Q: 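Handing you a structure now.
Order of the sequence lines sets the chain letters (A, B, ...), proteins ahead of strands, with each chain counted from 1. In this text the structure is predicted, and so the values were computed from the model without any measurement.
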Amino acid sequence: MPELPEVESVRMGLDRWVAGRTVEAVDMLHPRSIRRHLSGSGDFAGRLAGCKITATARRGKYMWLTLDSGEALLAHLGMSGQLLVQPPECADEKHLRVRMRFDDGGSELRFVDQRTFGHLMVEPLVPDATGVEVPGAIRHIALDPLDPAFDGDVFAGVLRRRRTEIKRALLDQSLISGIGNIYADEALWRSRLHWARATGGLQRRRVADLLEHVRGVLGEALAEGGTSFDGLYVNVNGESGYFERGLKAYGRVGLPCERCQTPIRRDAFMNRSSFSCPKCQPRPRGARVSPASR
DNA sequence: CGGGCCTCCTGAATGC
DNA sequence: TGCATTCAGGAGGCCC
């Protein structure tokens with residue numbers, strides 16, 4: 001499941017292959033992949049044709065290719081999206097949704113997406129609240145914790161004013177971006193915080209500690225090329241990452257906590273799962289007891 | 001408008 | 001064996 005480290009791994013790989021190349025044509029193979037590009041397939045392909053890709057960028061789980069037209073091709077991988085660099089003679093993937101061909105006749109850029117939660121769109125670049133140019137559609141996405149401009153003190157203040165649970169806040173891309181279910185559980189395990197802890201009751205130093213662990217786990221995962229469970233996350237060359245070996249909580253239900261040997265528990269959370277150590281991450285007083293699933 | 005639930009989707013895994 | 005159900009989850013939409 002692509003979160004910040006996986007998206008950044010893809011972006012870095014893409015940069016090398018597409019920066020400086022000129023788009024010749026785009027083949028649209030599934031309308032759902034551009035459902036957020038409201039003016040449709042023809043407009044999407046037309047805005048890309050003839051454009052030169054000048055650079056790549058990322059914020060949170062979104063990445064984009066800047067174009068010499070002043071617009072950007074924005075991509076979100078969703079659950080199963082892949083951006084692959086493939087030679088033209090390579091057979092179409094089963095779930096190939098969009099193909100971009102270049103005027104040099106070299107490798108194509110292919111958007112492959114089994115579950116179609118990912119999407120692409122062409123958007124004008126506009127200044128965000130701090131003056132940085134981002135695709136218009138993601139103006140509401142917060143800075144991610146690896147962005148040098150991310151301000152931990154501001155984040156702590158925002159958190160403490162919120163009336164919600166800490167894991168919900170970590171997953172809220174308008175507060176802090178790039179974190180999904182896996183790295184939220186890992187950062188909370190490292191911080192010894194239960195997912196249901198109220199954000200309003202967290203001391204500033206606990207928020208600072210949590211943020212340090214968020215940055216730590218994202219950075220370590222990035223260094224390993226990301227996390228792959230099922231082969232659905234791969235970099236532009238189709239290679240999986242290795243960070244699943246570094247996971248301490250996510251997916252480890254029943255296995256011993258590496259700090260205290262207590263079996264990791266699994267709670268139902270937001271129609272999905274949350275993994276934590278019952279001893280290191282005690283349930284806060286007054287938190288509802290979620291039915292353990294499976 | 002803040003908070004939180006619902007929905008979209010496919011295929012692997014599980015259940016009976 | 002085979003059909004049906006469950007599960008995974010990002011984020012926009014929508015309801016209260």
Q: Take atom CG of A:Leu170 and atom P of B:dG4, then tell me their distance rounded to the nearest Å.
A: 14 Å
Q: Closest approach to the side chain of A:Arg168, judged atom by atom: which nucleotide of B:dG4, B:dC9, C:dA11 is it?
A: B:dG4
Q: Can you pull the salt bridge (Lys or Arg N to Asp or Glu O under 4.0 Å) pairs that have at least one residue in residues 76-87 of chain A, sequence neighbours excluded?
A: none
Q: Could A:Arg168 and A:Trp195 be counted as a cation-pi pair, given that NZ or CZ must be under 6.0 Å from the ring centre and within 45° of the axis?
A: no
Q: Of all the choices, B:dT10, B:dC8, C:dC7, which nucleotide is nearest to the side chain of A:Arg266 once you look at every atom?
A: C:dC7
Q: Would you classify A:Arg162 as touching base, sugar-phosphate or nothing, given that sugar-phosphate means primed atoms plus P, OP1 and OP2, and contacts are heavy atoms under 4.0 Å?
A: sugar-phosphate
Q: Which nucleotide in the list B:dG3, B:dC6, C:dC7 gets nearest to the side chain of A:Arg163?
A: B:dG3
Q: Please list, chain by chain and in numerical order, all residues satisfying ring-ring contact (aromatic ring centres under 6.0 Å, His included) with A:Phe275, sequence neighbours excluded.
A: A:Tyr250
Q: Looking at B:dT10, C:dG10, B:dC6, which one has an atom nearest to any side-chain atom of A:His76?
A: C:dG10
Q: Nearest nucleotide by nearest heavy atom, which residue falls closer to the 5' end of DNA chain B, A:Met270 or A:Arg97?
A: A:Met270
Q: The criterion is ring-ring contact (aromatic ring centres under 6.0 Å, His included); which residues satisfy it with A:Phe44, sequence neighbours excluded?
A: A:His37
Q: Below 4.5 Å, heavy atoms only, C-beta onward: do A:Leu83 and A:Arg110 meet side chain to side chain?
A: no
Q: Measure the distance from CG on A:Leu74 to P on C:dG12 and round it to the nearest whole Å.
A: 10 Å
Q: In whole angstrom, what separates A:Gln114's CD from B:dC9's C1'?
A: 9 Å
Q: Taking only N and O in the side chain of A:Arg272, is any of them less than 4.0 Å away from OP1 or OP2 of C:dG10?
A: yes
Q: Starting from C1' on B:dC1, measure out to CZ on A:Arg161 and report it in whole angstrom.
A: 15 Å
Q: Could you note down all residue pairs passing side chain to side chain donor-acceptor pair (under 3.5 Å) where residues 142-163 of chain A supplies at least one of them, sequence neighbours left out?
A: A:Arg58-A:Asp144
Q: Give a yes/no on whether any side-chain N or O of A:Arg115 is located under 4.0 angstrom from OP1 or OP2 of C:dG10.
A: no
Q: Check this one for me: any side-chain N or O of A:Ser273 less than 4.0 Å away from OP1 or OP2 of C:dC7?
A: no
Q: Compare the minimum distances between each of C:dG12, C:dA11, B:dC9 and the side chain of A:Thr116, then state the nucleotide with the smallest one.
A: B:dC9
Q: I want to verify a distance call: between C:dG12, C:dG10, B:dG11, whose nearest atom is closest to the A:His140 side chain?
A: C:dG12
Q: Between the protein and nucleotides 14-16 of chain C, list the N/O to N/O atom pairs that are separated by less than 3.5 angstrom.
A:
none

Q: For A:Tyr62, give me all partners under ring-ring contact (aromatic ring centres under 6.0 Å, His included), at least two apart in sequence or on another chain.
A: A:His76
Q: Can you measure A:Glu165 atom CD to B:dG4 atom P for me and round it to whole angstrom units?
A: 6 Å
Q: Take the protein atom NE2 of A:His95 and the nucleotide atom C1' of B:dC9, then report the distance between them rounded to whole Å.
A: 11 Å
Q: With a 4.0 Å limit, can you tell me whether A:Lys94 has a side-chain N or O closer than that to the phosphate oxygens OP1/OP2 of B:dG11?
A: yes
Q: Are A:Asp185 and A:Lys167 close enough for a salt bridge, meaning some N to O gap below 4.0 Å?
A: yes
Q: List the residues meeting side-chain contact (heavy atoms from CB on, under 4.5 Å) with A:Arg101, not counting sequence neighbours, and say none if there are none.
A: A:Glu24, A:Ala25, A:Asp27, A:Arg99, A:Glu108
Q: Would you kindly give the CD1-to-P distance between A:Ile138 and C:dG12, to the nearest whole Å?
A: 10 Å
Q: For A:Pro148, what residues pass the side-chain contact (heavy atoms from CB on, under 4.5 Å) criterion, not counting sequence neighbours?
A: none
Q: What does the inter-axis angle of the helix from B:dG2-C:dC16 to B:dC16-C:dG2 come out as, five pairs per end, nearest 10 degrees?
A: 60°
Q: Quickly work out the A:Arg36 CZ to C:dG12 P distance and round it to whole Å.
A: 6 Å
